[in-house]
Amino acid sequence: MQDIETLETELLGEINAAQDLDALEAVRISALGKKGRVSLMMRGLGQMAPEERQQVAPKLNKLKQSIGDAIDAAKAGLNAKAMEARLAAETVDVTLPTRPEQQGRIHPISQVVDEITEIFADMGFDIAEGPDVEDDFHNFTALNIPPEHPARQMHDTFYLREKEDGNRQLLRTHTSSVQIRTMETIEPPHRIVVPGRTYRSDSDQTHTPMFNQIEGLVIDKKSHMGHLKGVLREFCRAYFEVDDVEMRFRPSYFPFTEPSAEMDIRCTFAGDHIKVGEGDDWMEILGCGMVNPRVLAHCGIDPNEYQGFAWGMGIDRIAMLKYGIPDLRAFFDSDLRWLKHYGFVPMDVPTLGGGLSR
Ligand code: DAH
């Protein structure tokens with residue numbers, strides 16, 4: 001039988017030399033496994049004379065114990081080393097940007113729509129939508145613009161080809177059509193804003209055939225013009241990011257409101273930018289008024305019970321003025337260099353808390 005001490009030295013040497021857990025496991029099997037060298041020696045005890053066994057057995061037990069302990073210790077050491085290596089390999093540099101470079105940009109119109117809807121959502125308005133391809137009823141008749149009404153000529157409408165039933169659809173000339181769609185499908189009270197594309201056959205330096213509007217509608221039992229003014233003032237302050245704005249309401253005419261007004265705000269024009277709240281200029285920014293009772297009646301709402309106000313505003317111009325964009329037509333050119341210059345970084349979502357435009 002091999003000398004126990006020699007075997008112990010040999011095995012401890014092998015344990016220390018094991019470079020990884022697999023190698024260590026191989027040493028364990030070769031020593032303590034069923035046919036391992038220590039196990040075979042233990043089995044040999046049976047053939048020994050009692051006196052010899054008494055002498056050898058404690059030594060073998062000690063050997064088994066010390067080899068087992070040495071393997072456990074080596075295992076712990078290798079595990080710790082493996083963990084250290086893994087941690088080193090998986091280090092994350094939290095200072096790196098999330099993407100190498102943000103390439104895309106948010107179009108200024110989308111940015112302004114986000115800003116405006118954020119302001120009105122904060123006041124408790126819902127965002128409503130309607131189709132760009134409309135019918136005559138929703139775009140005109142229900143808004144108190146019957147056929148032959150002169151206001152129809154003012155709208156330079158794009159008509160689609162006549163359908164088999166004789167009806168002609170059209171591209172909506174204003175977002176006011178969504179007032180009707182909302183009131184005829186949902187029970188009052190209403191508090192909505194409607195951003196959307198609108199179309200008129202009109203094209204020059206300040207007009208494009210497609211443009212953007214945002215509509216507002218409030219219908220309740222006691223809503224009045226004072227509320228309208230309060231809502232619009234709050235909107236202007238938030239949108240232009242100033243403490244106060246001076247507003248001017250000029251009497252006007254729209255078939256769907258009575259009385260009607262156009263709203264101007266005091267400002268100065270400095271180059272392509274506008275300064276709101278000071279100066280000697282006035283800028284017209286929207287049309288508004290109390291919803292005409294005939295419009296309510298067209299939508300099945302009792303004008304003796306409900307009343308409210310509405311407004312409609314072009315988005316493109318107030319976007320140009322806020323962000324110093326000199327040419328309206330560039331909005332629709334899809335020029336990537338322009339977009340890179342005037343566009344917004346996608347992660348900077350406008351919020352009232354975090355700042356609309358930063
Ligand atoms: N629809 C009008 C336009 O496109 C704007 C407008 C004026 C909308 C007064 C309204 C309103 O809701 O009350 O010129």
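Atoms within each ligand, like the ligands themselves, are counted from 1 in listed order. The shown structure was predicted, so the numbers you read here are calculated from the model rather than taken from an experiment.
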Taking side-chain hydrogen bond (donor to acceptor under 3.5 Å, both in side chains) as the criterion, tell me which of Asp156, Thr157, Thr198, Asn139 meets it with Thr173.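 Exactly one candidate clears the test, Asn139.
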
Any side-chain to backbone donor/acceptor pair from [X] onto [Y]? Under 3.5 Å, distance only.
X: His207; Y: Asp204; answer: no
X: Ser39; Y: Leu32; answer: yes
X: Asp69; Y: Asp72; answer: no

Among Arg152, Arg168, Lys163, find the residue that satisfies the salt bridge (charged side-chain N to carboxylate O under 4.0 Å, His left out) test when tested with Asp136.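 Result for salt bridge (charged side-chain N to carboxylate O under 4.0 Å, His left out) with Asp136: Arg152.
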
Identify the protein atoms, limited to N or O, that lie within less than 3.5 Å of an N or O atom of ligand 1, and list each pair with its distance to 0.1 Å.
| residue | atom | partner | partner atom | Å |
| --- | --- | --- | --- | --- |
| ligand 1 | 1 (N) | His174 | ND1 | 2.9 |
| ligand 1 | 1 (N) | Ser176 | OG | 3.0 |
| ligand 1 | 4 (O) | Arg200 | NH2 | 2.9 |
| ligand 1 | 4 (O) | Gln213 | NE2 | 3.0 |
| ligand 1 | 12 (O) | Gln179 | NE2 | 3.0 |
| ligand 1 | 12 (O) | Glu215 | OE2 | 2.6 |
| ligand 1 | 12 (O) | Trp311 | N | 3.4 |
| ligand 1 | 12 (O) | Trp311 | O | 3.4 |
| ligand 1 | 13 (O) | Ala310 | O | 3.2 |

Answer yes or no on whether Lys322 is positioned over the face of Tyr239, meaning its NZ or CZ is under 6.0 Å from the six-membered ring centre and within 45° of the axis.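 Ring-cation test returns yes.
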
